[in-house]
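Below is one structure, written out as structure tokens, with a few remarks after it.
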Amino acid sequence: MATNLKLAYWPGCVSRGFTPELHGSMALVADRLGIELVELDRANCCGAGVIAEHNQELADTLNARTFALAQQTGLPMMNICSTCQGAQSECQQRLDANSAYRAHINEILAEEGLKYEKGKPGFSNKNFLWVLVEDYGLDRLREQVKRPLTGLRIGPFYGCYIVRPRHRLGYEDHPDRDLYLEKVIEALGGTVVEYDGARKCCGFPVVTMNRETSLRQAGTHVGDAIDAGADALVTPCPLCHLNLDMQQPEAAKIVGRDLGLPILHLPQLVGLALGFEPRELGMPKHIASTEPVEQRLAAAVPA
Amino acid sequence: MAEYTLRVRRQKPEADDRGPAGPYWEDFEVELDPTLSVLDGLLQAKDRQDGSLGVRCSCRAAICGSCGVKINGQSTLACLTQIGEAQERANRLAEKTETAAEGAGNGNQPIVVEPMGNMPVIKDLVTDMESTHWKKIRRVTPWLIDDGNPPERERIVPPETMVDITQTIACIQCGACVSSCLSMEADPEFIGPAALAKAYRFVGDPRDVDTEARLHDLAQDPHGIYDCTHCFSCVDACPKGVAPMDQIMRLRRLAGHDHDIDDRNNGRRHETAFVKIIEKKGTLDESLLLQESYAQGIKGKLKPSKGAIKGLLGSLPTAIRGIRTGKMRSLPKLIPGIHPKLPGDAQDHVKRIYKHAEEHREELNLYISGVEDDPEPSDVVQLTEGGSEVAGASAETTNQNAEERRDS
């Protein structure tokens, strides 16, 4: 039996905002998997790339603060949002590249008694997807499965920020990070659906600036997944979930076709396989009904 | 020497005795050293098997920018991709799950080579770059607009004012970023990564006198700087480290912050609303962000623009659906602005960070500064004493590391 994981946990803003079902299902799943989460309740928004386009130093300092809060706990840090992963990794890359810049930023953090240390032993910042594969382990995950997702056809949807740019996101050491969703789907007993949009953009960042471009991207990927025979998509990014699920009826209008594809958060997919009920995982809160998933699972399990 | 299969997406412009016009796949078996390039493999296939295979190339050394293609789905230069590495990636993609690996069988998988995306194909791997590359490059006025008074000799500028644009000057016009652009895929009118990087090359040039007009143009265009979705595809595709998306973000910083351009795309409004919310609340108040992105402040609400009314009304059905399923059924989500701030004194510290960062506004371009070697010099980090000295020294102490540039 491997030792239990204990992690400093940054849930991000959207998991407590418009996708509350993500925050709830993560808590249930972590508990069942034996992962102890120490929530960083004083930490701040990662800036989602938007603060960096306003003032780079501001974004870097805000994320340095979150890292410093995590480092205070002495634990590795986990996030549940591709966008947090990408925005934070970008800032961490700059902070780690230059000691004078780091010192400049630490100067203001010191007022709160905080300090971000480069390469501090034991510190890392990983999305739940990476934790699941690299630290928890797929074999161990397989052992925990109570209700294999047999017959469920699932398309992966990664979110840009967790797959690009490769040099910043640790792909030199972990070249398969953009294949992990496929591995997790299979470990849970599901069937991977190949379709064009798995590593493309959901369009969310420009939804208030160019609604049509934004929703055309979401609608196209959802439509492609339906055409490929998917019962659902799974994503480690709540911002992708907003465009793929919450905006799905609007996206359907833009691409001029019926959609209606359930979009699951990664912890929800894991949770279903661990035996939780859809209601416990907040699935009725979704805009695109998740009933097709429930029916498919009910059909697979002998009564 | 090793054997490889190149699976090439070919396209016949006209029907001939071998079949109708249109796209088709063809496999070529080639034999070469794994350290040689995919381009070497293609040229061997053309030389030994089918002289009609269309591929554009010239320098074979990542200088001319002619051989842009997609290899295993990734836009890049054929001459810069080692065939051994392309093989490893092809195998990993084919064997991503145990089921897939069983289906793929033993041995090497085909390396998939396709023409660049977002462009019409002329023949096989040769694309027409006119409509989505060259035309857009010309669209951004890609030349220096000076003050009209030619100097007797050259215009002298301090080197440090030019160093930032050397990153965009490194562009070789290969089109790999355009090929990979996911915004352009959805909106072909998007000016796009190559042309916007080129635009920054002149916006950032201290000799150019049209900075303000250029920024206005790029910010107001509905397919301009605010059409980029931050997908990082161009950053990964660029063989020269130009990172076009980073240049687009620089243009946004300049337009929205430095030049205060209130664009009609809600770009600046969205950005300033986001930044202000985090200053006040620490985490995102999404309802307030939505409201302020369209109709900012009291003035925006008393005299909302047509776009604001359309935007707010457009988001109503989504909000109603969210309330119905319970997603948005809580007061902070229904009433913009009552979202809780961070606990204890945490919010005050965030505000102090804002003050500090707005005062200094340092920008670190790793392409220019390079990456410091480990280990961390402990004498530099002095939190309590001499903090301001350390801050002031940051620009000088950055490590010029030319080797790191191409990778960063």
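Letters go in sequence order (proteins before strands), and every chain restarts at 1.
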Check: A:A288 main-chain N/O paired with A:D245 side-chain donor or acceptor under 3.5 Å: yes

Is A:Q217 reaching over with its side chain to a backbone N or O of A:E212, donor-acceptor style, under 3.5 angstrom? no

Mind ranking A:P165, A:C202, A:C13 by heavy-atom pairs under 4.5 Å with chain B and telling me who comes out on top? A:P165

Contacting region of B:L342 [heavy-atom separation from chain A under 4.5 Å]: side chain

For A:H104 and B:H356, I'd like to know if the aromatic rings sit close, meaning centre-to-centre distance below 6.0 Å. yes

Most contacts with chain A, counted as non-hydrogen pairs under 4.5 angstrom, among B:H223, B:H230, B:M249, B:H270: B:H230

Suppose a student defines contact as a heavy atom less than 4.5 Å from any heavy atom of chain B. Which residues in residues 185-194 of chain A would they list? A:E186, A:V192, A:E194

Under 4.5 Å from any heavy atom of chain B - which part of A:T213: both

Residues in residues 39-51 of chain A near chain B [non-hydrogen atoms, under 4.5 Å]: A:D41, A:R42, A:A43, A:N44, A:C45, A:G47, A:A48, A:G49, A:V50, A:I51

Between A:T208, A:I287, A:V163, A:L179, which residue shows the highest count of heavy-atom pairs closer than 4.5 Å to chain B? A:T208

As a quick check of understanding, evaluate side chain to side chain contact (heavy atoms under 4.5 Å, CB included) for A:D178 and A:Y171, giving each step before the final call. CA-CA 9 Å; A:D178 60 349; A:Y171 279 81; 3.6 Å; yes

When the 4.5 angstrom heavy-atom criterion is applied to A:V14 and chain B, the contacting part is both

Please say whether more than 12 non-hydrogen atoms of neighbouring residues, nucleotides or ligands are located less than 6.0 Å from CD in A:E291. no

Ion pair present between A:E182 and A:R199, side-chain N to carboxylate O less than 4.0 angstrom? yes

salt_bridge(A:R168, A:E90) N-O dist < 4.0 Å: yes

Leading residue by heavy atom contact count with chain A [cutoff under 4.5 Å; candidates B:L93, B:T229, B:D348, B:N266]: B:T229

Please look at A:T19 and chain B and tell me whether the side chain, the backbone, both or neither of the residue comes under 4.5 angstrom of a heavy atom of that chain. both

Sort A:R16 into side chain, backbone, both or neither according to what part of it lies under 4.5 angstrom from a heavy atom of chain B. both

Checking B:L289 against chain A: side chain, backbone, both or neither under 4.5 Å from a heavy atom? neither

Could you tell me whether B:E292 and B:K276 have a side-chain N and a carboxylate O separated by less than 4.0 Å? no

When heavy-atom pairs shorter than 4.5 Å are enumerated against chain B, which of A:K285, A:Q56, A:R164, A:M246 gives the highest number? A:R164

Taking A:I108, A:L109, A:V206, A:N210 one by one, which has the highest count of heavy-atom pairs under 4.5 Å against chain B? A:I108

Interface moiety of A:E21 toward chain B, non-hydrogen atoms closer than 4.5 Å: side chain

For chain B, which of A:F18, A:Y161, A:Y180, A:F204 has the most heavy-atom pairs under 4.5 Å? A:F18

Which one, B:K281, B:K333, B:E88, B:R269, leads in non-hydrogen pairs under 4.5 Å with chain A? B:K333

Can a salt bridge be assigned to the pair A:R216 and B:D227 using a cut-off of 4.0 Å between side-chain N and carboxylate O? no

Shorter than 4.5 Å, heavy atoms on both sides: which option in B:D246, B:N365, B:D263, B:T283 has the most such pairs with chain A? B:T283

Just do the side chain to side chain contact (heavy atoms under 4.5 Å, CB included) check on A:C81 and A:L239 with the steps written out, would you? CA-CA 8 Å; A:C81 173; A:L239 278 73; 3.9 Å; yes

Ion pair present between B:E271 and B:R252, side-chain N to carboxylate O less than 4.0 angstrom? no

Is A:E172 close to chain B through its backbone or its side chain, or both, or neither, when contacts mean heavy atoms under 4.5 Å? neither

Run the salt-bridge test on B:R89 and B:E85 with the 4.0 Å N-O cut-off and return the result as yes or no. no

Chain A shares the most heavy-atom pairs under 4.5 Å, among B:L284, B:V235, B:T318, with B:T318

Salt bridge (charged side-chain N to carboxylate O under 4.0 Å, His left out): which pairs involve residues 180-189 of chain B, sequence neighbours left out? A:K200-B:E185

With side chain to side chain contact (heavy atoms under 4.5 Å, CB included) as the test, would you mind laying out the steps for B:K310 and A:R211 before giving the verdict? CA-CA 11 Å; B:K310 200 177 155 209; A:R211 190 166 176 272; over 6 Å; no

Highest number of heavy-atom pairs under 4.5 Å with chain A: which of B:S233, B:G322, B:G311? B:S233

Please look at B:S287 and chain A and tell me whether the side chain, the backbone, both or neither of the residue comes under 4.5 angstrom of a heavy atom of that chain. both

Heavy-atom contact with chain A under 4.5 Å, split by part of B:F190: neither

Best-contacting candidate, A:K183, A:H286, A:R65, against chain B by heavy atom pairs under 4.5 angstrom: A:R65

Run the ring-centre check on A:H23 versus A:H265 and record whether the distance is less than 6.0 Å. no

Taking only Lys NZ, Arg NE, NH1 and NH2, and the carboxylate oxygens of Asp or Glu, determine whether A:D60 and A:R94 approach each other closer than 4.0 Å. yes

Contacts of A:P284 meeting side chain to side chain contact (heavy atoms under 4.5 Å, CB included) (sequence neighbours excluded), chain-then-number -> A:R279

With distance as the sole criterion, is a donor-acceptor pair present between the side chains of A:T61 and A:E57 under 3.5 Å? no

Are any of the side-chain nitrogens in A:E112 or B:R352 under 4.0 Å away from the carboxylate oxygens of its partner? no

Given heavy-atom pairs under 4.5 angstrom as the criterion, report whether the side chain, backbone, both or neither of B:S183 touches chain A. both

